[in-house]
Undergrad: 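Below is a structure I'd like to ask you about.
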Amino acid sequence: MQIIDGKAVSEQIQKEIAQEVQKIKEAGRKVPHLAAVLVGNDGGSQTYVNHKVKMCQQVGFESTLIHLEETISQEDLLEVVHKLNENESIDGFIVQLPLPKHINETTITLAIHPSKDVDGFHPTNLGRMMLGLPCFLPATPAGILTLLERYQIPTTGKHCVVVGRSHIVGTPMSLLLSRNQKVGNCTVTLTHSRTIDLPSYTRQADILIVALGKPEFITADMVKEGAVVIDVGTTRVPDSSKKSGFTLKGDVKFDEVAPKTSYITPVPGGVGPMTVITLIQNTLLALKLKQTSLWI
Ligand code: GUN
């Protein structure tokens, strides 16, 4: 059994991007610029956005954090999005989710120009992904592809079972792994809350990707000997022994599942670190697509 070290891979990619940005600077060209919009004071969202902005600084990108009041109207938030769409100096931006209840997340997502949508949430990017056109891939599934690639885990012809059909993880993941690409060519089964006899599917998986947000849901009896297990879950479970007051728990019961696997991602330190670095990769790509007119 080998642990897939997402922290180490993300640090390696961070170094590679920092070197590329250094070269851009030395050539006197524009460096990538990411903007992040944060609405309100949700603790988790603040932490995530801070990580994203800090990572920009670490690789030499420009970054702008726009922190707005919880009470901002949808109309005013749309105005902020329109301004970012028009701002030439900003190559890509994100609006951190979830948004306050009075704001329609779909309306905001649709307002972001697809060429700046480095989260890859806009329908244009999701459609382009399906057609294999240049696009921004959603960070979590793209980060998982990177892990499979860097660990040289064969995917062609393998049976991949995805648990969870969310728009930002399970559904795009199932599509990406079924594509005719180097990391792809899997036979994919997408399972979800209405699947009957889930263990009968998970036990068939050569590659099992779990993204349902239920701590320790996948137990050893649900996993085939030698499977590759990718755990996307990051649920905060109260833990008074921790300074933060919580422990991060994955969707996989790691201690009993790990010995059966060929590869497994831990929580934390597996998929999580890959999502931030993938956003950074997407921002660099946004600048390159703009400069080379590859966005057709
Ligand atoms: N909230 C949780 N994950 C994400 C993400 O990847 N992007 C944005 N914008 N919001 C999120």
Side-chain angles (χ1 to χ4, degrees), residues 6 10 13 33-56 61 63-68 70 72 74 77-78 80-81 84-85 90-101 103-126 129 135-147 164-173 176 209-213 230-236 246 248-251 267-268 270-286:
S10 77
I13 295 172
H33 186 171
L34 174 74
V37 179
L38 174 65
V39 181
N41 298 304
D42 175 76
S45 291
Q46 268 177 334
T47 307
Y48 291 133
V49 169
N50 287 340
H51 277 150
K52 292 169 185 178
V53 170
K54 197 166 147 218
M55 185 60 79
C56 283
F61 285 9
S63 60
T64 300
L65 172 60
I66 301 172
H67 194 173
L68 303 167
E70 179 94 20
I72 188 170
Q74 178 164 305
L77 181 57
L78 279 173
V80 171
V81 168
L84 289 168
N85 283 338
I90 286 167
D91 303 298
F93 66 97
I94 61 156
V95 179
Q96 187 67 22
L97 305 177
L99 291 168
K101 294 223 166 9
I103 296 175
N104 185 321
E105 287 182 358
T106 306
T107 305
I108 301 300
T109 301
L110 289 171
I112 298 173
H113 194 279
S115 67
K116 292 194 174 188
D117 166 41
V118 283
D119 261 332
F121 292 170
H122 192 283
T124 295
N125 275 308
L126 293 168
M129 169 180 78
C135 66
F136 303 110
L137 298 179
T140 303
I144 293 169
L145 292 185
T146 306
L147 287 177
R165 59 179 158 187
S166 74
H167 290 159
I168 61 176
V169 186
T171 298
M173 190 77 257
L176 288 166
I209 301 183
V210 195
L212 79 165
I230 308 288
D231 187 350
V232 185
T234 48
T235 306
R236 288 179 168 192
F246 66 85
L248 271 194
K249 284 259 185 239
D251 289 345
V267 176
V271 175
M274 296 304 296
T275 59
V276 176
I277 203 68
T278 305
L279 175 70
I280 296 293
Q281 286 178 308
N282 278 352
T283 306
L284 180 59
L285 177 65

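Whatever order the structure lists ligands and atoms in, that order sets their numbers, starting from 1.
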Undergrad: Can you list the ligand 1 atoms lying under 4.0 Å from a non-hydrogen atom of Phe121?
TA: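 Selected atoms, number and element: 5 (C), 6 (O), 7 (N), 8 (C).
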
Undergrad: If you look only at pairs with a residue in residues 109-121, which of them pass as a side-chain hydrogen bond (donor to acceptor under 3.5 Å, both in side chains), with sequence neighbours excluded?
TA: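 Every pair satisfying side-chain hydrogen bond (donor to acceptor under 3.5 Å, both in side chains) with a residue in residues 109-121: His113-Ser115, Asp117-Asn125.
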
Undergrad: Mind checking whether Ile277 and Thr146 have side chains closer than 4.5 Å, heavy atoms only?
TA: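 A side-chain contact is absent here, since even the closest heavy-atom pair is not under 4.5 Å.
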
Undergrad: Would you say the side-chain atoms of Ser10 pair up with the backbone N or O of Met274, donor to acceptor, closer than 3.5 Å?
TA: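 Absent.
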
Undergrad: Report the nearest protein non-hydrogen atom to atom 1 (N) of ligand 1: residue, atom name, distance rounded to 0.1 Å.
TA: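 Residue, atom and distance for the closest contact: Leu97 O, 2.9 Å.
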
Undergrad: At what distance is the nearest protein heavy atom to atom 4 (C) of ligand 1, and which residue and atom is it?
TA: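 Ranked first by proximity to atom 4 (C) of ligand 1 is Gln96 NE2, 4.0 Å.
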
Undergrad: Please work out whether any backbone atom (N, CA, C, O) or any side-chain heavy atom from C-beta onward of Val95 is under 4.0 Å from ligand 1, and answer side chain, backbone, both or neither.
TA: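 It is the backbone that touches ligand 1; the side chain stays farther off.
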
Undergrad: Is any side-chain heavy atom of Thr278 less than 4.5 Å from a side-chain heavy atom of Leu137?
TA: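 Sidechains of Leu137 and Thr278: no contact.
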
Undergrad: Look at atom 8 (C) of ligand 1 and say which protein heavy atom is nearest, naming residue and atom and giving the distance to 0.1 Å.
TA: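 The closest one turns out to be Asp119 OD2, 3.3 Å.
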
Undergrad: Is any side-chain heavy atom of Leu84 closer than 4.5 Å to a side-chain heavy atom of Ile66?
TA: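 Leu84 vs Ile66: side chains touch.
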
